[in-house]
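Input: a single structure, listed below in structure tokens.
First listed ligand is number 1; within each ligand, the first listed atom is number 1. Side chains included, hydrogens not; waters and symmetry mates left out as well; all remaining heavy atoms used.
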Amino acid sequence: MAPANEPLPGTSDIWEPDVREWVCLETAARDIFARYGYGEVRTPIFERTDVFVRSLGDETDVVQKEMYTFEDRGGRSLTLRPEGTAGTMRAIACRGLADGEQLRVFYMGPMFRGERPAAGRRRQFHQVGVEAVGGSDPCEDAETIAMLVHYLDAIGVQGGRVRLNTRGVPEDRAAVSAALRQHFEPQAAAMCPDCQRRLSANVWRILDCKNPACQALVDGAPKMVDLVGAESRAFFAAVCRGLDQLHVPYELAPRLVRGLDYYVHTVFEVVHSGLGAQDALAGGGRYRISLPGNKKALDGVGFAAGMERLLMARESLGLTAQARAAADVFVVALGDGAVVAALELAQQLRRSNAGLRVLAGLGARSMKAQMRAANRAGARWALIIGDNELTAGTVVCKNMAASQQESVRREAVLDWLTAASRA
Ligand code: AMP
């Protein structure tokens with residue numbers, strides 16, 4: 001049994017300096033997505049269960065096996081969000097979208113899936129994602145993929161490969177399902193029990209199966225683009241043309257369907273060789289979602305990238321945050337009377353415009369203990385206040401690396417630090 005103070009399997013505590021890596025992903029997302037007209041939305045971490053079941057599809061792995069669902073005291077079934085699109089769509093439907101209005105939003109934050117934890121597969125993981133809602137132009141799909149590639153470039157994740165396919169429109173589904181069934185049915189005996197059940201329940205799901213025996217059969221399955229109707233083929237061709245025009249490299253992935261039922265037309269993912277078995281950095285596509293209270297289904301296009309995986313990809317490329325000192329300045333207080341003076345000086349320095357990070361040795365410990373604390377914090381300067389300094393209105397300013405010190409009038413300490421930081 002894991003010790004009680006360890007985080008649960010598949011969850012993590014995130015500490016400095018890793019937190020700065022996260023902030024870097026978040027800052028770049030805000031910067032890049034804003035350039036494409038996206039604004040941030042923050043939706044609740046839990047929703048009514050049917051928000052997810054309705055939009056993800058009840059035959060999906062996420063809904064069937066992975067959701068953290070619980071009852072609240074009123075007996076309502078609630079679920080921790082397993083992904084960001086369904087909640088965002090619920091929020092947009094609640095806010096309202098005027099006829100013809102288009103909306104672009106991005107989100108980032110924790111998602112929850114009860115999967116078996118492995119490298120790159122967590123139970124609480126984080127996604128950064130975007131949704132462009134209300135449009136239906138294939139160029140928007142190309143633009144969305146181009147933005148994802150732009151974002152990956154901005155965070156230094158080189159080497160991602162875009163894989164692209166179409167799922168067609170709902171009107172194509174019967175014909176596609178029939179063709180897939182015709183391909184798989186004669187080989188049912190060779191398939192895993194889940195896929196044997198999927199043959200009648202939802203034959204598309206077989207294309208996502210990771211079982212090697214099923215994968216071998218999937219490789220011989222007909223290509224989606226050959227099964228869908230003329231309208232879907234034309235849409236897909238337009239997306240490809242858009243990507244060519246924007247010089248975004250991509251590969252055709254003729255049997256990629258992605259796990260969720262709400263997708264129509266374009267589906268894509270970005271894979272990266274630095275990730276190992278779970279090699280998907282991001283996935284997305286065009287979708288059509290109908291929500292309670294909304295007469296018309298909402299059309300949109302979006303993607304979500306796994307932030308843990310973005311960090312793994314960065315790490316595989318040698319990009320990691322360096323440990324950083326906790327403080328620039330440590331104010332040492334010797335004697336009870338000096339503690340308040342030390343705190344006052346620390347506060348004055350923090351509130352100055354010098355941007356100094358300052359710790360004060362509160363708790364009246366020995367000089368040796370406080371200098372050790374200053375070293376541990378990585379401080380470049382120690383400012384020492386004892387009884388003599390209190391009386392004289394001075395501070396002993398010490399350069400930690402050079403072990404040089406001098407007595408400075410209290411009001412001149414900031415100038416001394418400014419000059420020292422330029423030296
Ligand atoms: P999905 O919502 O399943 O399309 O996933 C989008 C992206 O989220 C994937 O490409 C992964 O990068 C990431 N992701 C999905 N599930 C997990 C998980 N359990 N742990 C870590 N990252 C995940």
Query raised in the report: Is the shortest heavy-atom distance from the side chain of Glu66 to the side chain of Phe112 under 4.5 Å?
Result: no
Closest to atom 23 (C) of ligand 1 (heavy atoms only, candidates Tyr263, Phe112, Phe125, Phe303) is Phe125
Practice problem: Check whether more than 12 heavy atoms from other residues, nucleotides or ligands sit under 6.0 Å from atom CD of Gln215, and answer yes or no. | Solution: yes
Quick look: Arg121 vs ligand 1, heavy-atom contacts under 4.0 Å, and the answer is both
Quick look: Ala282 vs ligand 1, heavy-atom contacts under 4.0 Å, and the answer is backbone
Among Gly114, Gly120, Gly306, closest by heavy atom to atom 21 (C) of ligand 1 is Gly120
Any heavy atom of Glu308 under 4.0 Å from ligand 1? The part involved is neither
Counting heavy atoms under 4.0 Å, the part of Gln127 that contacts ligand 1 is side chain
#### Entry: Aromatic ring pairing Phe268/Phe303, orientation class (parallel under 30°, perpendicular over 60°, tilted between)
perpendicular
Cation-pi, Trp204 ring and Arg173 (6.0 angstrom, 45 degrees): yes
Q: Work out whether the distance between some heavy atom of Met307 and some atom of ligand 1 is less than 4.0 Å.
A: no
From the list Arg167, Arg286, Arg288, Arg258, side-chain hydrogen bond (donor to acceptor under 3.5 Å, both in side chains) partner of Tyr263 resolves to Arg258
Honestly, for Leu281 the part within reach of ligand 1 (heavy atoms, under 4.0 Å) is backbone
